[in-house]
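Only a predicted model underlies this, so the values are computations on that prediction, with no experimental measurement involved. Nothing fancy with the numbering, it's 1 onward along the sequence.
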Amino acid sequence: MEKRNPAPRLSADSSPTSSPKMPSEKSSTRRIKRSRSAALQVLRYDIFSMPASRASKLVLLIGLLLNAVYIFSIFDIYFTSPLVHGMLPQRSEFAAPADRLVLFVADGLRADKFFEPSPSGNYRAPFLRKVVEEQGSWGVSHTRVPTESRPGHVALIAGFYEDVSAVTKGWQENPVEFDSLFNETSHTWAWGSPDILPMFAKGSSSRDRVTTFMYSPEEEDFAKGDASQLDEWVFGRVEAFLERASDDEALARRLRKPGVVLFLHLLGIDTNGHAHRPYSLAYLDNVRMVDRGVERVVALLERFYHGDGRTAFVFTADHGMSDRGSHGGGDPSETETPFVVWGAGVRGPRAASAAAASHPDAHRNRAWGLAHLRRDDVRQADVAPLMACLVGVPFPLNSVGSLPDGVLLG
């Protein structure tokens, strides 16, 4: 019987009549993965086959490059100035109660050292204490970190807090121009430190809008003599200025125009605090000296303006000071500063409400001997719109403060 060779078995995908099959999607993916794997193997081979020193340098270079990109992206995203330009100025719709405003800033003055009595029971600022009890409103101004002089003054006078882009200037100045209360006045005269005054004169819209009188940087030496002389310098120059105005009719006319601001920056307390600490006799005596100087200037202005009742006064500080004689952080000793406002358009003393006794800070009000009087705390940026409203000039364009209407008449 004849044997037959068995017919070859064909698989379902190997029919002799079928055409060549196109590569499937899975096979393409496998090829791509194999190609990537081969490329990585070549790269690993190139790196690891080279000498160890060269490989380490290459890895280090790549790491530095990536970190540089990350750091730059953080600055590009987060450290951009929030200030907006091109807005139209806005002012209070009410008539200005004052023709002029006087701003006293006692640099580095803590709220507790200002309000509390001395161990002998006397108050360190008797004139301003009398103002609180008989003429004006008082409270605590709450600052923000960093509790430094430049951002503190910007918050008080321009109404906004630290511009993060200032890091590009080492936190020493604002990298972009900004509007301030001084820029909106008919004229501002300022006396004090060369560290503070120039930034407001620099940002003014008119070259002659802000006139500054400054002592030399050398006189700010923290370890040199009695720093209260810096404040005495300011009070003495203001007194001489007003005496000159009495004989200079052109200057007197400018001072009598509505919308005038006088700014006294008093650096002595801060300087003595750094050198001797805020519990020292030098610091506390400087508080007394500043109180006497404020009393002197108020009397001179009352005489110059013939007691017309059109002057508003604000006394505060840019920041406080820690027990170690430093500032910059967020401790209450650094963020709480005194706030006293009186004169034209300002409410006088009012009795504290019954709810004040349960206030978290009621114990300090009692320790300060002020529990019987209403306390009006403010955020530091609220001071700028308050001053603008009192003197009747537009609010600083970038101000984020709220008008503390509780201290205003009407």
Within the 3.5 Å criterion, strictly below it, is a donor on Asp179 or Asn398 matched to an acceptor on the partner's side chain? no
Do the side chain of Ser92 and the main chain of Cys389 share a donor and acceptor less than 3.5 angstrom apart? no
Distance-only donor-acceptor check, side chains Ser137 and Arg347, under 3.5 Å: no
Output yes when a side-chain donor or acceptor of Asn286 lies under 3.5 Å from a complementary backbone atom of Ile269, and no otherwise. yes
When you measure from the side chain of Asp226 to the backbone of Gln229, do you find a donor-acceptor pair of N or O atoms at a distance under 3.5 Å? no
For the pair Glu116 and Arg364, find out whether any cationic side-chain nitrogen is under 4.0 Å from an anionic carboxylate oxygen. no
In Leu181, Val210, Val105, the residue satisfying side-chain contact (heavy atoms from CB on, under 4.5 Å) with Phe263 is Val105
Compute the centroid of each ring, for Phe213 and then for Trp189, and state whether the two points are separated by less than 6.0 Å. no
Within the 4.5 Å heavy-atom criterion, are Asp291 and Phe114 side-chain neighbours or not? no
Does Glu243 pair with Arg303 as a salt bridge, N-O distance under 4.0 Å? no
According to the interplanar angle, ranging from 0 to 90°, do the rings of Trp342 and Phe104 count as parallel (below 30°), tilted (30 to 60°) or perpendicular (above 60°)? parallel
Report the C-alpha distance between Thr147 and Thr143 in whole Å, list the side-chain angles of each, state the deciding distance to 0.1 Å, and finish with yes or no for side-chain hydrogen bond (donor to acceptor under 3.5 Å, both in side chains). CA-CA 7 Å; Thr147 46; Thr143 72; 5.7 Å; no
Contact between Glu148 and His319 at the side-chain level, heavy atoms closer than 4.5 Å - yes or no? no
For Phe182, does its backbone N or O pair with a side-chain atom of Thr185 as donor and acceptor, under 3.5 Å? yes
Determine which pairs satisfy side-chain hydrogen bond (donor to acceptor under 3.5 Å, both in side chains) with at least one residue from residues 367-376, sequence neighbours left out, and list them in order. Arg350-Asp376, Asp361-Arg375, Asn365-Arg375, Arg374-Asp376, Arg375-Asp377
Nearest atoms (heavy-atom pairs only) where Gly309 meets Ala344: O-CB, 3.4 Å
Ignoring hydrogens and geometry, is there a side-chain-to-backbone donor-acceptor pair from His153 to Ser149 under 3.5 Å? yes
Is the shortest heavy-atom distance from the side chain of Val261 to the side chain of Met387 under 4.5 Å? no
Is it the case that the side chains of Arg209 and Thr188 hold a donor-acceptor pair, with the cut-off being a distance below 3.5 Å and no angle test? no
Would you find a donor on one side and an acceptor on the other, under 3.5 Å apart, between the side chain of Asp247 and the backbone of Arg244? no
Does the structure place the NZ or CZ of Arg124 under 6.0 Å from the centre of the six-membered ring of Phe115, at an angle of no more than 45° from the ring's axis? no
Ion pair check, Arg254 and Glu249, cut-off under 4.0 Å: no
If I compare all heavy atoms of Val132 with all of Leu373, which pair ends up nearest, and what's the gap? O-CD1, 3.8 Å
Heavy-atom distance under 4.5 Å between the side chains of Leu370 and Arg129, does that happen here? yes
Any donor and acceptor pair, going by atom type alone, linking the side chain of Tyr279 with main-chain N or O of Leu284 inside 3.5 Å? no
Would you mind reporting whether Tyr215 and Val234 have side-chain heavy atoms less than 4.5 Å apart? yes
Glu334 side-chain N/O to Gly329 backbone N/O, donor-acceptor pair under 3.5 Å: yes
As a test of understanding, state which of Asp318, Asp270, Thr335, Asp107 forms a side chain to side chain donor-acceptor pair (under 3.5 Å) with His327. Asp270
For Phe395, is there any backbone N or O sitting under 3.5 Å from a side-chain donor or acceptor partner on Ser399? no
Shortest non-hydrogen separation from Asp231 to Gly268 and the atoms involved: OD1-N, 2.9 Å
Test log, rule side chain to side chain contact (heavy atoms under 4.5 Å, CB included), inputs Phe313 and Val346: CA-CA 9 Å; Phe313 299 90; Val346 179; over 6 Å; no
Test Leu61 against Leu65 for side chain to side chain contact (heavy atoms under 4.5 Å, CB included), laying out the working first. CA-CA 6 Å; Leu61 182 61; Leu65 180 61; 5.7 Å; no
Beyond-backbone contact of Ser333 with Asp112, side-chain heavy atoms, under 4.5 angstrom: no
My understanding is that only residues two or more places apart in sequence, or in another chain, count here; which of them pass salt bridge (Lys or Arg N to Asp or Glu O under 4.0 Å) with Asp285? Arg288
Under-4.0 Å salt bridge between Arg110 and Asp323: yes
Just do the side-chain hydrogen bond (donor to acceptor under 3.5 Å, both in side chains) check on His274 and Ser326 with the steps written out, would you? CA-CA 6 Å; His274 285 301; Ser326 63; over 6 Å; no
Carefully, step by step, assess Phe315 and Val290 under the rule side chain to side chain contact (heavy atoms under 4.5 Å, CB included). CA-CA 11 Å; Phe315 178 89; Val290 163; 4.0 Å; yes
Determine yes or no for a side-chain-to-main-chain donor-acceptor pair under 3.5 angstrom, with Arg310 supplying the side chain and Arg100 the backbone. no
